[in-house]
Amino acid sequence: MAMPQNSTGENGFCFAQTLDFSRPSPPPGEPVLSGQEACGTPLSNGTVSSGVPSPSDSCAEPLCSNTPGEEETQFSKGIKYVSAEGEDLACGWGGFTPGCLQPFNTSKGVLFFLCVASFLQGMTVNGFINTVITSIERRFDLRSYQSGLIASSYDIAACICLTAVSYFGGNGHKPRWLGWGVLVMGLGSLLFALPHFTTGRYEARSAAEVGVCGGNQSLPCTQAASSLSGYRFIFMLGQFLHGMGATPLYTLGVTYLDENVKTNYSPVYIAVFYTAAILGPAAGYLVGGMFLNIYTEIGREVDITPENTLWVGAWWIGFLGAGAASLLISIPILGYPQRLPGSQRYIVMRVSEAHQLKDGSHKKASDPDFGKTVKDLPRSVLLLLKNPTFIFLCLAGATEATLIAGMSTFGPKFLESQFSLSASEAATFFGYLVVPAGGGGTFLGGFLVNKFKLRCSGIIKLCLLCTVSSLLSIFIFFIHCPNMPMAGVTQMYEGSALPGGHLNLTAACNAECGCLQETYSPVCGSDDVMYYSPCHAGCKKVSENLRNGKKVYHECSCIEKTLLPGAGDAEAGKCTSSCDKRPLLLFFMFVVILFTFLSSIPALTATLRCVSDRQRSFALGIQWIVVRTLGGIPGPIAFGSMIDKSCLLWQDQCGEQGSCYVYQNLAMSRYTLIAGLVYKVLGTTFFIVACLLYKPPSPESAPGSSDTSENGNCDLQEHKPSLPAEEDI
């Protein structure tokens with residue numbers, strides 16, 4: 001029997017099997033479709049929907065072939081006919097669908113706007129927030145645990161909203177859910193910046209002599225308790241709106257892309273989408289750091305510099321810009337139709353790779369009416385819980401998320417301690433490291449899945465290979481850079497070693513200065529030794545270095561005087577590290593980040609493939625809940641508690657322990673190694689179990705091939721014969 005095929009222009013394509021769309025006799029009351037009107041596309045759930053003809057629609061020419069004698073074969077496979085009359089696939093808002101918008105009504109157009117939205121989300125939540133949190137603490141008198149609550153409000157909101165959004169949004173109009181989500185996210189950013197405009201001017205002690213030996217050493221805690229800490233609830237609400245708005249983006253956005261492109265191209269589209277989300281935080285670090293060099297009260301003259309511990313930068317500018325951009329980008333997203341024109345041609349090619357349950361209960365999800373009501377929610381959850389491949393992919397994702405959350409939170413701090421950098425330098429340095437490693441790894445992961453046309457089991461093996469590679473690279477944390485010598489912390493003022501675990505910031509050279517431990521402002525002496533503050537170095541005068549704008553302190557009694565020019569002086573800031581292991585550490589940190597992100601898109605693609613089509617959005621929602629509750633939320637806490645064990649010098653806030661000023665580099669490297677090894681070993685184990693337990697559908701159950709190319713050529717590389725009609729080809 002001859003194989004029916006169509007070669008009608010660029011949207012024509014051929015089938016490796018006979019697709020019979022004929023109907024012997026329609027039920028009473030149902031319209032009879034014939035010719036082009038009957039041209040439909042079988043959905044992955046076993047239904048056929050007719051599309052409205054459009055320039056990019058594969059139904060623009062007759063696609064259907066009536067072959068007598070094979071009707072029973074098709075009906076035995078459960079194919080139904082559903083009319084899609086009245087479905088509007090034009091881009092616009094309600095009845096307003098101008099023709100100039102229709103060129104953007106494509107998968108690439110959707111990808112562009114979703115990339116902008118994910119970029120803004122990443123820049124705001126993972127970039128600006130992490131960059132400005134110290135400035136917010138200083139400006140609004142917040143404790144560390146209060147700023148931690150602000151940061152975690154995002155994940156709490158996401159966990160609360162994920163189930164409802166992924167379940168109902170997955171069966172609803174996805175672009176509308178996405179558009180309203182981005183709009184809510186923009187409102188959250190504007191709300192986050194609001195406290196700057198509702199508080200009075202920021203007043204800082206700006207006397208040049210503060211901190212010098214014999215200068216004004218008034219206690220900062222003698223001031224009355226500030227009422228500004230109440231603004232933390234505004235910040236928490238802003239973060240909560242960020243979490244609500246971003247929830248549809250990484251669940252419904254991914255499935256909307258997956259549904260509207262060819263199966264083989266889906267990983268590339270998703271990789272581009274996630275790459276934009278990773279470039280966002282990098283831009284947030286760089287742009288946020290730039291804004292922090294501007295004083296928070298713009299236009300006001302002050303005589304303190306960004307190096308001063310009392311400096312508060314313009315933390316709020318980034319949130320205003322990101323909020324306005326999010327409101328604008330939500331408008332075009334709201335205008336997209338429920339499915340893109342011509343998307344049915346990709347659905348007809350799709351081969352189900354869902355994990356096959358022994359009891360056959362996975363077939364319930366193929367019912368066209370499944371998942372449309374709340375009563376199906378428990379059954380949807382049960383189907384996912386009975387899928388071991390999905391469960392172990394979620395657990396593997398949680399371990400990777402723990403590492404990513406830990407690295408993004410404490411990566412700059414690690415670089416700051418190991419290489420003796422300032423906080424802004426470390427944040428910028430880390431941003432330069434994450435852009436090529438994180439962004440490149442994310443895109444490369446999707447490219448590899450597409451390049452080698454990997455099936456679900458092959459994708460899981462790729463994830464396993466990436467995890468093992470990063471596991472081996474993480475052993476680099478066996479090496480470390482030595483601490484820069486610091487008087488009274490790592491060594492005695494005379495240069496001898498301190499007794500283990502004991503601090504002694506007072507010596508004969510600064511005993512008469514009346515130095516306070518509350519005023520931490522490190523300086524680097526001409527003897528290449530760091531001192532807690534200019535006062536602790538015994539410095540009596542201050543001037544400004546015309547070359548770099550940094551303050552230079554003179555007549556420092558604790559610094560050894562020699563005949564060299566500048567001897568006995570100290571410069572504001574930390575001493576520069578000359579660690580020869582820096583290139584090796586940075587290279588292997590790059591490799592760890594690269595392979596960690598390299599497995600992210602393949603793991604996401606495997607999650608989409610191992611569940612039925614109707615459960616994809618809901619499965620991503622459940623996965624995000626698992627990833628956040630087991631990885632994203634406890635990850636920074638686990639890493640932070642381990643790193644805090646390596647602290648040498650704690651902040652003293654009027655008798656209460658604050659944040660850590662100085663870490664022991666050796667201990668920090670060891671604890672980072674232990675945490676990394678634990679989570680990487682767990683991730684490797686989960687990927688191995690997921691690969692072993694995955695049970696793909698039998699070749700006979702595949703209704704078609706997903707490898708038919710877009711331009712009408714047939715790629716017979718991985719065809720799986722399913723109909724007897726192919727025997728005559």
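Every value quoted in this text rests on a predicted model; they were computed, and no experiment measured them.
- Looking at Phe291 and Ile294, their side chains come closer than 4.5 Å, going by heavy atoms from C-beta outward.
- One N or O on the side chain of Trp624 and one on the backbone of Tyr250 form a donor-acceptor pair closer than 3.5 Å.
- Note that CD1 of Ile270 and CG of Leu257 are 6.5 Å apart. Values are rounded to the nearest 0.5 Å.
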Task: Residue pair Phe197, Trp316: steps toward the side-chain contact (heavy atoms from CB on, under 4.5 Å) verdict - done: CA-CA 9 Å; Phe197 302 97; Trp316 48 273; 3.8 Å; yes
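- In this structure, Leu340 and Val261 have side chains that are not in contact, with every pair of non-hydrogen atoms separated by 4.5 Å or more.
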Open item on the list: Assess the residue pair Thr251 and Gln623 against the criterion (side-chain contact (heavy atoms from CB on, under 4.5 Å)); give the C-alpha distance rounded to whole Å, side-chain angles, the decisive distance to 0.1 Å, and a yes or no.
Closed with: CA-CA 9 Å; Thr251 52; Gln623 185 180 53; over 6 Å; no
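- Between the CG atom in Leu187 and the CE atom in Met244 there is a gap of 10.5 Å [rounded to 0.5 Å].
- Met185 approaches Ser326 most closely through the heavy-atom pair CE-OG, 4.0 Å.
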Task: CA sep, side-chain torsions, deciding dist, call: Phe128, Val287, side-chain contact (heavy atoms from CB on, under 4.5 Å) - done: CA-CA 8 Å; Phe128 289 153; Val287 177; 4.2 Å; yes
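- At least one donor-acceptor pair closer than 3.5 Å links the side chain of Trp93 to the backbone N or O of Ile331.
- Contact between Gly289 and Thr131 at its shortest, heavy atoms only, is N-CG2, 3.7 Å.
- Using a 4.5 Å heavy-atom cutoff, the side chains of Leu114 and Leu249 are in contact.
- With sequence neighbours excluded, no residue forms a salt bridge (Lys or Arg N to Asp or Glu O under 4.0 Å) with Arg201.
- Side-chain contact between Leu191 and Leu194: present, with at least one pair of heavy atoms (C-beta onward) separated by less than 4.5 Å.
- What you find for Val627 and Gly397 is that their closest heavy atoms are CG2-C, 3.9 Å.
- For the atom pair CE (Met236) and CZ (Phe240), the distance works out to 9.5 Å, reported to the nearest 0.5 Å.
- Legend: side chain to side chain donor-acceptor pair (under 3.5 Å) pairs involving residues 178-189, not counting sequence neighbours, sorted by first then second residue: Ser189-His242.
- At distances below 3.5 Å, at least one donor-acceptor pair connects side-chain atoms of Ser118 with backbone N or O atoms of Phe273.
- Using cut-offs of 30° and 60° on the angle between ring planes, the pair Tyr295 and Tyr202 is tilted.
- Two residues are said to be in side-chain contact when any heavy atoms from C-beta on lie closer than 4.5 Å; Ile234 and Thr198 fail this criterion.
- Ring orientation note: the planes of Trp315 and Phe192 are nearly perpendicular, at an angle over 60° on the 30°/60° scale.
- A salt bridge (Lys or Arg N to Asp or Glu O under 4.0 Å) with Glu259 is found for exactly one of Arg339, Lys174, Arg616, namely Lys174.
- Proximity of Ile601 to Phe443: side-chain heavy atoms (C-beta onward) are nowhere separated by under 4.5 Å.
- Checked by atom type and distance alone, the side chain of Ser646 never pairs as donor or acceptor with a backbone atom of Met642 at under 3.5 Å.
- In this structure, the separation between CD1 on Ile622 and SG on Cys394 is 8.5 Å, given to the nearest 0.5 Å.
- Residues Leu395 and Thr399 form no side-chain contact, since every pair of their non-hydrogen atoms from C-beta on lies 4.5 Å or further apart.
- Residues Val592 and Met589 are not in side-chain contact: their nearest non-hydrogen atoms beyond the backbone lie 4.5 Å or more apart.
- The heavy-atom pair separating Gly92 from Leu101 by the smallest distance is CA-CD1, 4.5 Å.
- Judged by distance alone, the side chain of Asp258 and the main-chain N or O of Val254 form no donor-acceptor pair under 3.5 Å.
- Using a distance-only test at 3.5 Å, with no hydrogens or angles considered, a donor-acceptor pair links the side chain of Gln615 to the main chain of Ser380.
- Using a distance-only test at 3.5 Å, with no hydrogens or angles considered, no donor-acceptor pair links the side chain of Tyr231 to the main chain of Phe140.
- A distance-only check finds no donor-acceptor pair linking the side chain of Asn105 to the backbone of Pro341 [under 3.5 Å].
- Identified under the ring-ring contact (aromatic ring centres under 6.0 Å, His included) test for residues 96-126, with sequence neighbours left out: none.
- Side-chain contact annotation: Ser599 with Thr467, donor-acceptor N/O pair under 3.5 Å absent.
- Rounded to the nearest 0.5 Å, atoms CG (Leu384) and CZ (Phe618) are 6.0 Å apart.
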Task: Worked check of side-chain contact (heavy atoms from CB on, under 4.5 Å) between Thr199 and Arg139 - done: CA-CA 10 Å; Thr199 55; Arg139 176 68 179 90; 3.2 Å; yes
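- In this structure, the separation between OH on Tyr661 and SG on Cys647 is 10.5 Å, given to the nearest 0.5 Å.
- Considering every non-hydrogen atom in both Cys91 and Pro337, the closest pair reads CA-CD, 4.4 Å.
- Judged purely by atom type and a 3.5 angstrom limit, Ser417 has no side-chain atom pairing as donor or acceptor with the backbone of Phe414.
- Remark: side-chain polar atoms of Glu400 are not paired, donor with acceptor, to backbone N or O of Ser600 under 3.5 angstrom.
- Contact detail for Leu377 and Thr163: the closest heavy-atom pair is CD1-CG2, 4.4 Å.
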